[in-house]
Structures are given as structure tokens and as C-alpha cells.
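What follows is a set of notes on a single structure, which appears directly below.
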Amino acid sequence: MIRLGQFLKFANFADSGAHAGAMIGDGDVSVDGVIETRRGRQLAKGMLVEVRTASENHAARVG
């Protein structure tokens with residue numbers, strides 16, 4: 001198990017914990033197709049995390 005904020009840093013979607021928190025708070029992160037607003041959300045192997053930015057979208061599976 002890994003928390004969403006940690007995963008965003010691990011996957012290089014966020015530069016820091018603060019950056020991860022801002023992205024989550026802005027509604028730019030979804031888990032398995034549902035927007036997630038909890039930085040501490042527990043992720044399990046196989047879940048799909050997507051991040052929407054102004055210029056593109058990024059996705060990675062936990063695992």
C-alpha cells in the first residue's frame with residue numbers, strides 16, 4: 001500500500017508533498033476514474049492514477 005501523495009512524488013507527477021497536495025486539492029487527480037481529494041488515500045496494486053495538467057494528461061498504475 002502507498003498513499004496518493006507519496007505515489008504522485010514516486011511517479012514524478014509532483015515535485016514535492018506540497019505540490020502533490022495542491023494538485024489533489026485542485027481536483028486534478030483521479031483514481032480509477034474518480035476525482036480524489038484525499039492526499040492520504042490508500043492505493044492498492046493495479047489502481048490507475050491520472051493527473052490532468054493544463055497541457056496534457058498523465059497516467060500510471062500502482063504496482
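The figures that follow rest on heavy atoms only: side chains count, while hydrogens, waters and symmetry mates do not.
- The two residues F7 and A60 have their closest heavy-atom pair at CZ-CB, 3.9 Å.
- The CG atom of D15 sits 11.0 Å away from atom CG of L8, with the distance rounded to the nearest 0.5 Å.
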Going through the checks in order, is the side-chain contact (heavy atoms from CB on, under 4.5 Å) test met by T53 and H58?
-> CA-CA 8 Å; T53 66; H58 304 278; 4.1 Å; yes

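- To the nearest 0.5 angstrom, L4 atom CG is 9.5 Å from R39 atom CZ.
- Checked for salt-bridge contact, E36 and R38 meet the test: a charged N lies under 4.0 Å from a carboxylate O.
- Looking at every heavy atom in both residues, G5 comes nearest to A20 through O-CB, 3.9 Å.
- Annotation for L48 and R61: closest pair CB-NH1, 3.5 Å, computed over non-hydrogen atoms.
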Please lay out, stage by stage, how I24 and D28 fare under the test side-chain contact (heavy atoms from CB on, under 4.5 Å).
-> CA-CA 6 Å; I24 294 166; D28 294 334; over 6 Å; no

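- Rounding to the nearest 0.5 Å places CD1 of I35 at 10.5 Å from CD of E50.
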Step by step, would you call N57 with V51 a side-chain contact (heavy atoms from CB on, under 4.5 Å)?
-> CA-CA 6 Å; N57 294 329; V51 177; over 6 Å; no

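- Distance CG/D26 to CZ/R52: 9.0 Å, rounded to 0.5 Å.
- The neighbour count for R41 CZ, taken as heavy atoms of other residues, nucleotides or ligands under 6.0 Å away, is above 12.
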